[in-house]
Structure formats: structure tokens, C-alpha cells
Amino acid sequence: MLASSERPTSAIAEQTFALTDYDLAATLSSGQAFRWRYQDGSWVGVVAGRWVRLTQQNTDLHAQTTGAPEDWSWLRNYLQLEIPLSQIIQTFPKDEVMTTAVQASRGLRLLKQDHWECLTSFILSSTKRIVQIQQCVESLGERFGAPLPVPPGFPSRSNFPSPHRLAECTESELRDCKLGFRAPYLLEAARRIAQGHLHLADLQNASIEYARNQLMTLPGVGPKVADCVLLFAYGFPNAFPVDVWIYKAIQQLYFPKRPATTRQLQQFTQTYFGPHSGYAQQYLFHYMRTKIGRTQAL
DNA sequence: TACCAGGAGAGCG
DNA sequence: CGCTCTCATGGT
């Protein structure tokens with residue numbers, strides 16, 4: 001732990017982007033990324049090894065970071081600013097469920113995250129609430145990540161630790177980050193990647209089927225975790241994570257008479273929601289979690 | 001107190 | 001395959 005006076009600090013660089021159909025708050029709090037903190041009307045996080053502060057004012061996105069970046073493509077890419085949302089929404093099925101879900105949170109977007117950080121986040125996600133996942137990911141960053149340059153007056157932040165760094169940890173050290181039974185999963189996954197048994201970057205150019213199978217060779221990575229990484233980090237447009245929320249929603253809304261089998265449900269999600277089914281899934285998930293969520297089953 | 005949380009792995013028939 | 005149990009931890 002660095003003392004406050006030793007903390008790396010740096011001057012702020014600023015840039016403004018024009019947003020179209022973009023709800024920054026919904027996007028950063030939707031349970032796809034876990035290192036964003038909301039403070040005084042702004043979102044503070046870490047992207048591509050940089051401290052970032054984002055503020056949305058209508059169609060303006062005000063971005064601040066440290067140092068003097070030559071360009072802002074790293075942020076444009078992460079936020080997927082160039083994606084025409086209206087064209088994607090047009091491909092959704094025009095049923096009442098999807099229409100309601102889109103109207104409820106229009107502007108919700110998919111990010112393009114770092115492969116390893118995303119993979120780690122969702123290995124930790126199993127039977128945890130989003131708040132707990134955030135705490136675990138942040139704890140890993142604080143303990144094992146390299147401190148980043150941060151503007152004066154802001155809390156210190158660290159880069160997310162590499163597979164090599166986490167592979168050096170003991171299981172006990174990881175359990176201290178409240179990982180519980182997921183600790184040995186993450187440790188073994190980090191070791192395999194650090195040792196070169198699996199190259200995460202190479203899967204970016206592979207087919208979704210191959211990438212999915214490769215991810216699922218890692219401990220703690222089943223169908224749901226693999227699909228989350230394929231959607232949130234690799235950007236496969238038709239990756240469709242089926243968690244407990246989506247499972248209940250689809251069963252009750254689309255198979256009201258008798259529940260679909262696993263096979264039928266997989267066939268349904270692969271075809272019914274169209275070529276951007278991953279985006280449709282995110283709208284369904286966000287709607288279920290925020291609007292209906294804790295009050296009643298459906 | 002008892003129950004559950006954006007699952008996965010292992011052990012059954 | 002399809003089902004069930006377990007795993008660690010914190011919050012209602």
C-alpha cells in the first residue's frame with residue numbers, strides 16, 4: 001500500500017465525444033463490467049491501463065484521463081462509440097417483451113472489455129451478486145495490480161493484474177479477496193494462460209464455436225461464463241449468456257405452457273433473437289433485473 | 001435463523 | 001444426458 005504522498009499522480013487530459021443513443025449510466029452499471037465507481041455525477045474507472053473519468057451530459061460525453069494520450073481510440077473502442085444502436089435494435093423480434101425491454105432502457109450498450117479482466121470477473125461471478133463481484137475484482141486490483149497515475153484528489157486505482165501476476169499468488173491470497181470456492185478456479189486458469197496453454201488474444205479471430213470450446217477448457221468456465229466473455233470482451237454479436245434471470249424470463253414469457261428443455265431453449269436463443277441476440281439478451285437481462293427484479297417472480 | 005445469490009464440477013442412474 | 005449436491009461468503 002502506497003502512502004498518499006507517494007501515489008503516482010498526473011495532469012489531466014480531456015476530450016469530448018458526441019453520443020448517439022447512448023445511456024452511459026445504464027451501460028456501466030448493467031453487470032457487464034465491474035470496476036466503475038459513480039461519484040458526483042461522473043463514472044471513474046480503468047480502461048486499457050489508464051485511469052478514466054466519464055461524464056455524460058445529454059449527447060456529450062466528457063472524458064478525462066491522465067498523461068497525454070496520442071489518440072483516444074482505446075476509449076472509443078471500449079465504449080463502442082461507433083456502433084449504430086438503431087440498426088441493431090431493428091433486428092430484434094418485434095414481440096411485446098422485447099419492445100418493452102428496449103423502451104425501458106434505450107441507450108443501453110455492450111462494451112468491449114479486456115479479455116483477461118472480463119474472464120476473471122465472470123469466473124468470480126458464480127452465485128454472487130453484482131456488488132460482491134465488484135468488491136472481489138476491486139480487491140484483486142488493489143492487492144496485486146500496479147498503481148496507476150491518478151489526478152490529485154482522486155482515490156488511487158490500479159491496473160488489473162495480469163495472468164502472470166495472479167499465477168504467482170497462493171490460493172490463500174486469493175481467498176483473502178473473498179473469492180471462496182472460486183479461488184482455485186481462478187488460480188488454475190491464470191496458471192494455464194500464463195504458461196501459454198491458451199492464448200486469449202488468438203481467440204479474437206476464431207469462430208465463436210472454437211473460442212467457446214477453448215474457454216470452457218479452463219476451470220470455472222462453463223457455458224454461461226464462456227458466453228459472457230464471448231459477448232462482453234470478444235464482441236461476438238450472437239453470444240447469448242443464459243443465467244438464472246434469462247432462464248426464468250424465457251421459460252415464462254416464451255414457453256408459458258410447458259418449460260422448454262435445455263436443448264430446446266438453446267435452439268430458441270440461437271435463432272429467435274436474430275443476428276444480434278447478445279444485444280437482445282442484455283436488454284432482457286437489464287429489464288428483468290431493474291424493473292421487475294426483487295419485487296416478484298415475473 | 002434460514003435462505004439465496006448473473007454457475008460449475010462431480011457423482012449418481 | 002438429466003438430476004442432485006456441494007462449494008464460500010455476505011446480505012436480508
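For clarity, every value in this text was computed on a predicted model and none was experimentally measured. In the text below, chain A, chain B and the rest are named by the order of the sequence lines, each starting its count at 1.
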*When the aromatic ring centroids of Phe285(A) and Phe240(A) are compared, is their separation below 6.0 Å?*
no

Basic-acidic side-chain contact under 4.0 Å: [X], [Y]:
X: Arg35(A); Y: Glu138(A); result: yes
X: Asp23(A); Y: Arg109(A); result: no
X: Asp21(A); Y: Arg106(A); result: yes

Give the rounded distance in Å between these two atoms: [atom1] of [X] and [atom2] of [N].
X: Gln113(A); N: dG6(B); atom1: CD; atom2: P; value: 17 Å
X: Gln134(A); N: dA5(B); atom1: CD; atom2: P; value: 18 Å
X: Arg263(A); N: dC1(C); atom1: CZ; atom2: P; value: 8 Å
X: Tyr287(A); N: dG6(B); atom1: OH; atom2: C1'; value: 19 Å
X: Ile123(A); N: dG7(B); atom1: CD1; atom2: C1'; value: 12 Å
X: Gln135(A); N: dA8(C); atom1: CD; atom2: C1'; value: 14 Å
X: Met288(A); N: dG6(B); atom1: CE; atom2: C1'; value: 12 Å
X: Lys178(A); N: dT9(C); atom1: NZ; atom2: C1'; value: 8 Å

When all nucleic acid strands are considered with a 4.0 Å heavy-atom cut-off, which category describes [X]: base, sugar-phosphate, or nothing?
X: Leu218(A); answer: sugar-phosphate
X: Ile133(A); answer: nothing
X: Tyr185(A); answer: sugar-phosphate
X: Lys224(A); answer: base
X: Gly220(A); answer: sugar-phosphate
X: Gln281(A); answer: base
X: Pro241(A); answer: base
X: Ser121(A); answer: nothing

*Between Asp243(A) and Val221(A), who's closer to the 5' end of DNA chain B by nearest nucleotide?*
Asp243(A)

*Presence of Lys128(A) side-chain N/O under 4.0 Å of dT9(C) phosphate oxygens OP1/OP2*: no

*asked:* Both conditions, 6.0 Å and 45 degrees, for the charged tip of Arg37(A) above the ring of Trp43(A): are they met here?
replied: no

*Report the nucleotide, chosen from dA8(C), dG7(B), dG6(B), that has the shortest atom-to-atom distance to any side-chain atom of Arg182(A).*
dA8(C)

*Picking from dG6(B), dG10(C), dG7(B), which would you name as closest to the side chain of Gln132(A)?*
dG10(C)

*With P as the reference atom in both, quote the distance from dG2(C) to dG6(B) in angstrom, rounded to an integer.*
26 Å

*Take atom P in dG10(C) and the same atom in dA8(B), then report the distance between them in whole Å.*
22 Å

*May I ask you to decide if the ring planes of Trp74(A) and Trp72(A) are parallel, tilted or perpendicular, using 30° and 60° as cut-offs?*
parallel

